[in-house]
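What follows is a set of notes on a single structure, which appears directly below.
Below, chain A is the first sequence line, B the second, and so on; all start at residue 1.
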Protein chains: 2
Amino acid sequence: MLSKSSKYAIKAVLFLALNSNDKKKVMVKDISEPINVPQAYIAKLLQKLSRQNIISSSRGRKGGFYLSDNNRKQSIMSIIEVIDGEKNFNSCMLSLKECDEDKPCPLHKTLYPFKSNIIRNLESISIKELALEVELGNAFLPL
Amino acid sequence: MLSKSSKYAIKAVLFLALNSNDKKKVMVKDISEPINVPQAYIAKLLQKLSRQNIISSSRGRKGGFYLSDNNRKQSIMSIIEVIDGEKNFNSCMLSLKECDEDKPCPLHKTLYPFKSNIIRNLESISIKELALEVELGNAFLPL
DNA sequence: ACTAAAATATGATAAAAATCATTTTTAGGA
DNA sequence: TCCTAAAAATGATTTTTATCATATTTTAGT
Ligand code: FES
Ligand code: FES
């Protein structure tokens with residue numbers, strides 16, 4: 001469904017949403033540990049996200065990663081797209097090709113509606129909203 | 001979502017549903033080609049399915065793979081379970097662990113309902129039913 | 001300016017998934 | 001009974017994904 005990498009990335013972004021802002025940057029070391037992901041690995045993912053402006057970063061002394069208010073408005077899907085390249089989601093469930101309404105595979109009819117709903121949800125839910133759920137204690141950040 | 005292997009396996013089983021029965025066995029070579037999957041690879045998958053009685057086979061001369069009437073009654077999920085080991089489906093969407101209702105991750109609330117519906121569908125739909133859709137021309141076996 | 005603390009870039013290694021190749025076993029037919 | 005065509009078993013290789021290690025910028029503070 002989601003690659004390990006996007007899972008890691010989402011966790012990291014959520015962690016940043018809860019623990020950072022433009023005044024309070026946090027460095028990889030202090031992200032990787034609580035979310036339980038190898039430091040060098042999450043660093044690479046964060047860099048990718050930063051390059052695509054999903055998250056913010058500043059380097060040098062007193063630098064670190066953080067989320068600006070604008071960053072928080074982005075969707076969860078945008079994270080996945082940057083990391084996995086969205087291919088996972090519009091591919092057909094049986095072939096290796098794209099899903100094709102006109103020539104649907106046998107599983108299309110039953111599964112596609114669900115899949116497209118999942119996509120729609122991931123596209124519409126923002127980082128900020130998800131983080132709020134955690135703050136309210138309705139959801140938990142798993143390690 | 002589904003591994004390449006389960007996709008291959010489902011295609012192969014569907015092909016057998018359409019082109020074989022206990023009187024008409026078909027050998028790997030004649031399965032792998034039309035469904036466009038490397039012969040040695042699909043052979044391995046078919047063997048696994050056969051061992052778990054999802055499909056039938058007989059060896060030696062005049063042997064081959066085929067689907068008995070009983071085989072056809074099985075669910076699509078049973079194929080996936082044999083090949084992927086079901087792990088893909090009950091794992092949490094954010095952590096590497098199992099999905100946990102009591103301590104749901106932030107994505108659980110939005111995605112789990114869809115996921116469980118997908119699972120329920122895959123469990124309830126039989127090989128025979130899917131094959132019928134193809135016979136009726138409502139669905140297509142992609143290469 | 002200089003230094004140290006940070007991200008960034010690049011490339012190497014390890015683990016997992018997919019693919020390929022070879023051998024062994026089984027059973028039908030001469 | 002012996003040969004041959006088939007699946008089954010085993011193990012090697014390749015490709016992809018995940019992980020690790022090292023060197024290079026950038027920037028705040030002195
Ligand atoms: S065509 Fe296969 S999922 Fe849509
Ligand atoms: S706890 Fe993460 S999907 Fe259910």
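Looking at S116(A), its side chain does come within 3.5 Å of a backbone N or O of Y112(A) through a donor-acceptor pair. Looking at S20(A), its side chain does come within 3.5 Å of a backbone N or O of L67(A) through a donor-acceptor pair. Looking at K25(B), its side chain never comes within 3.5 Å of a backbone N or O of G63(B) through a donor-acceptor pair. A donor-acceptor pair under 3.5 Å is absent between the side-chain atoms of K115(B) and the main chain of F114(A), judged by distance alone.
Proximity note for P38(B) (side chain, C-beta onward) versus dG29(D), dC20(C), dA21(D): the nearest is dC20(C). Checked against dG28(C), dG29(D), dA18(D), the side chain of K4(A) finds its nearest nucleotide in dA18(D). Comparing dA7(C), dT19(D), dG29(C) by their nearest atom to the side chain of Y8(A) picks out dT19(D). Taking every side-chain heavy atom of R61(A) into account, dG29(D) is the closest of dA18(C), dG29(D), dA6(C). Considering only side-chain atoms of Q47(A), the nucleotide from dG29(C), dA21(D), dA9(C) that sits closest is dA9(C). Closest approach to the K44(B) side chain among dG11(D), dA8(D), dA18(D) is made by dG11(D) (side chain taken as heavy atoms from C-beta onward). When the nucleotides dA7(C), dA18(D), dG28(C) are ranked by their closest atom to the side chain of V28(A), dA7(C) comes out on top.
Of all the heavy atoms in Q39(B) and V28(B), the pair that sits closest is NE2-CG2, 4.1 Å.
Between L45(B) atom CG and dT19(C) atom C1' the separation is 11 Å, expressed in whole Å. In this structure, the OH atom of Y41(A) is 11 Å from the C1' atom of dT16(D), given to the nearest Å. As rounded to whole Å, 13 Å separates atom C1' of dA7(C) from atom CG of L16(A). I54(A) places its CD1 atom 19 Å from the P atom of dA7(C), with the value rounded to the nearest Å. Between the CD atom of Q39(A) and the P atom of dA5(C) there is a distance of 14 Å, given to the nearest Å. The distance between atom NZ of K48(B) and atom P of dT10(D), rounded to the nearest whole Å, is 14 Å. F65(A) has its CZ atom 18 Å from the P atom of dA5(C), to the nearest Å. Between N53(A) atom CG and dA7(C) atom C1' the separation is 15 Å, expressed in whole Å.
Within the structure, every side-chain polar atom (N or O) of S57(A) is placed at least 4.0 Å from both OP1 and OP2 of dA7(C). Close to dA9(D), at under 4.0 Å from its OP1 or OP2, lies a side-chain N or O of R51(B). Between S50(B) and dA8(D), a side-chain N or O to OP1/OP2 separation shorter than 4.0 Å is present.
No donor-acceptor contact under 3.5 Å links the side chain of R59(A) to the base of dT27(D).
Nucleotides of DNA chain D nearest to A40(A) and G60(B) differ in position, and the one nearer the 5' end is that of G60(B).
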